[in-house]
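Data first, discussion second: the structure below is written as C-alpha cells.
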There are 2 protein chains.
Amino acid sequence: MLSKKAQYSLYALVHLAKEYKNGPVLISKIAEDEKIPKKFLEAILLELKTIGIVNSRKGKGGGYYLIKNPEKVTLVEIIRKFDGAIALLPCVSDMYYEQCRNCNNEETCGIRSVMKEVRDTTVNMLSNTSLADIIRREENVLH
Amino acid sequence: MLSKKAQYSLYALVHLAKEYKNGPVLISKIAEDEKIPKKFLEAILLELKTIGIVNSRKGKGGGYYLIKNPEKVTLVEIIRKFDGAIALLPCVSDMYYEQCRNCNNEETCGIRSVMKEVRDTTVNMLSNTSLADIIRREENVLH
DNA sequence: CTTATAGTCTATCGGATAAATAGATTAATA
DNA sequence: TATTAATCTATTTATCCGATAGACTATAAG
C-alpha cells in the first residue's frame with residue numbers, strides 16, 4: 001500500500017493538473033475538494049516544491065500551481081519521492097538497491113528473479129502514466 | 001517493499017520446499033542457512049503453521065516441514081498473510097477493499113483505474129508463481 | 001505603509017507497527 | 001527419564017506514520 005502522503009499527493013497533483021495554467025490554487029481549496037487534512041497537505045506540497053513539480057505564491061491571489069507540464073509528470077516519480085522503492089525486495093530495486101543478505105547468489109536466486117519481473121512491469125506502468133494520462137482516462141470514461 | 005516477515009518467510013519456505021518429503025528441518029538450520037534471526041523465524045513459522053502450509057514436530061528428530069505441495073503454494077498467499085493487500089490503494093484491493101474517501105466517483109477516477117491495472121498484473125504474476133516454480137527457475141539458470 | 005492574506009518553518013505528539021530478543025514451558029523421542 | 005526442539009508469554013527498542021499547533025514571513029491590495 002502507498003503511504004497517505006503518496007496517496008494524497010496523487011490526488012492533489014491531479015487537481016493541480018486540471019488547473020494547469022489557470023493560476024494558483026489555494027491549499028485550503030485542494031484540501032477541501034480532495035478531502036485531505038490541510039496541515040498535512042501543506043507539508044506534502046512543500047516536498048513537491050523541492051523536487052520542482054509545483055511552485056507557490058504567497059499572499060492574496062496566491063496558492064500552488066503546477067510548473068511541470070502534466071504530460072511530463074509521471075506517477076512513478078511521485079511515489080518514489082514519498083515511499084521510496086517500487087520493488088518488493090531491496091535486491092531488485094534500481095533506485096534503492098541493497099545487496100541481498102539472505103540468498104547466496106543474486107544471479108541464480110529464484111525469488112529475486114520473480115520479484116524482478118514484478119518490479120519491471122510495475123515500474124513500466126507507473127512511468128508510462130502521466131498526470132495528463134490520468135485526466136484523459138477520466139474524460140474517456142465519461143463518453 | 002515487503003516486510004521482513006514476508007521476505008524471510010519466502011526464503012524459509014523455498015528452503016522447506018527443497019526438502020519436501022525429506023522430513024523435518026530444524027528452525028536453527030533454516031535460520032543459519034538463510035541468515036534469518038532464529039527467534040524471529042520461530043514466530044514466522046508458527047504463523048505459517050496456522051494457515052496450514054507447514055507443520056512441525058517437537059523433540060529429537062523434530063523440526064518444520066512443508067505439508068502443502070510446493071506446486072500449490074503461491075507467493076501471493078504468503079505475502080498477503082504477512083503484509084495484507086497487494087494493491088497500492090485501498091479502493092483497488094480485492095481482499096482488503098475500502099471505499100475511497102478522496103475521490104467522488106470510483107467508477108470514473110483516473111488514479112484508481114491505473115492502480116487497478118497495476119494491482120491486477122501484480123496479483124497475476126504472484127499467484128501464478130509457486131514455490132516449485134521458484135526452484136525450477138534456479139535450476140534452469142544453472143544450465 | 002499598513003493590513004489582510006496565504007504559504008513557511010519549527011516542533012511536537014500519540015499511536016501503531018516492525019524487528020528482534022529473553023526466558024520459562026511443553027511435547028516428543030530414544 | 002534425560003535430552004532435544006518447538007511453543008508460549010512478554011518485553012524491548014526503534015522507527016515511522018499521520019496529524020496538529022503556533023509563530024513567522026512574503027505578497028498584494030488599498
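Since we're looking at a predicted model, the values are computed, not measured. To find a chain, count down the sequence lines: A is the first, B the second, and so on, and within it residues start at 1.
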Counting only side-chain N and O atoms of Arg57(B), is one of them less than 4.0 Å from OP1 or OP2 of dT29(C)?
yes
Can you find a side chain N or O atom of Tyr64(A) that sits less than 4.0 Å from OP1 or OP2 on dT8(C)?
yes
For Asp83(B), what residues pass the side-chain hydrogen bond (donor to acceptor under 3.5 Å, both in side chains) criterion, not counting sequence neighbours?
Ser3(B)
Expected output is a numbered-order residue list: members of residues 77-87 of chain A with a heavy atom under 4.0 Å from any atom of DNA chain D. What is it?
none
Residues touching DNA chain D, which here means a heavy atom under 4.0 Å, drawn from residues 88-104 of chain B
none
Give a yes or no on whether a salt bridge exists between [X] and [Y], defined as a side-chain N under 4.0 angstrom from a carboxylate O.
X	Y	answer
Lys39(B)	Glu42(B)	yes
Asp133(B)	Arg137(B)	no
Arg136(A)	Glu71(A)	yes
Glu34(A)	Arg101(B)	no

With distance as the sole test, does Arg112(A) use its side chain to make a donor-acceptor pair with the main-chain N or O of Cys91(A) at under 3.5 Å?
yes
Heavy atoms only, 4.0 Å cut-off, all strands: where does Lys49(A) land among base, sugar-phosphate and nothing?
sugar-phosphate
Hey, does Leu45(A) reach any base, or is it just sugar-phosphate, or nothing, if we go heavy atoms under 4.0 Å?
nothing
Any donor-acceptor pair, under 3.5 Å, between the side chain of Lys39(A) and the base of dG22(D), if you only look at N and O atoms?
yes
